[in-house]
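Take a look at the structure set out below.
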Amino acid sequence: MRVRAPVQNLFVSRVAFWRTPAVKDFLAHVDRSGYIYRRRWNDLILQSATVQIFMPRTKVHLFTDFSYE
């Protein structure tokens with residue numbers, strides 16, 4: 001599965017999204033799988049995948065007009 005992810009580690013979201021039962025169940029399943037440790041999945045991969053799976057595309061905005069150093 002190819003995950004499209006932003007290059008910066010800047011996410012702005014409602015905390016309530018991360019507390020929904022479906023998202024919590026998904027993240028718990030990922031944690032139980034052990035892939036975070038064995039496959040070295042990081043926060044960027046998990047956050048991006050979770051948003052792409054559970055958030056309607058119309059609710060996602062990818063900021064492209066700024067950078068940080």
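Numbers for residues simply follow the sequence, beginning at 1.
The structure places CH2 of W41 at 7.0 Å from CG of L46, a figure rounded to the nearest 0.5 Å. For the atom pair CD1 of I36 and CG of L27, the computed distance is 8.0 Å after rounding to the nearest 0.5 Å. The OG atom of S33 sits 6.5 Å away from the CZ atom of R38 when rounded to the nearest 0.5 Å.
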Begin with the C-alpha distance, continue with both residues' side-chain angles, and end with the deciding distance and a verdict on side-chain contact (heavy atoms from CB on, under 4.5 Å) for D31 and Y37. CA-CA 9 Å; D31 186 38; Y37 311 103; 3.7 Å; yes
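Within 6.0 Å of the OH atom in Y35, the count of heavy atoms belonging to other residues, nucleotides or ligands does not exceed 12. With a 6.0 Å radius and a threshold of 12 heavy atoms from other residues, nucleotides or ligands, H61 has its NE2 atom above the threshold.
For the residue pair M55 and F17, the shortest heavy atom distance occurs at CE-CD1, 3.2 Å. Contact record, R19 with K24: O-CD, 3.2 Å, taken as the closest heavy-atom pair.
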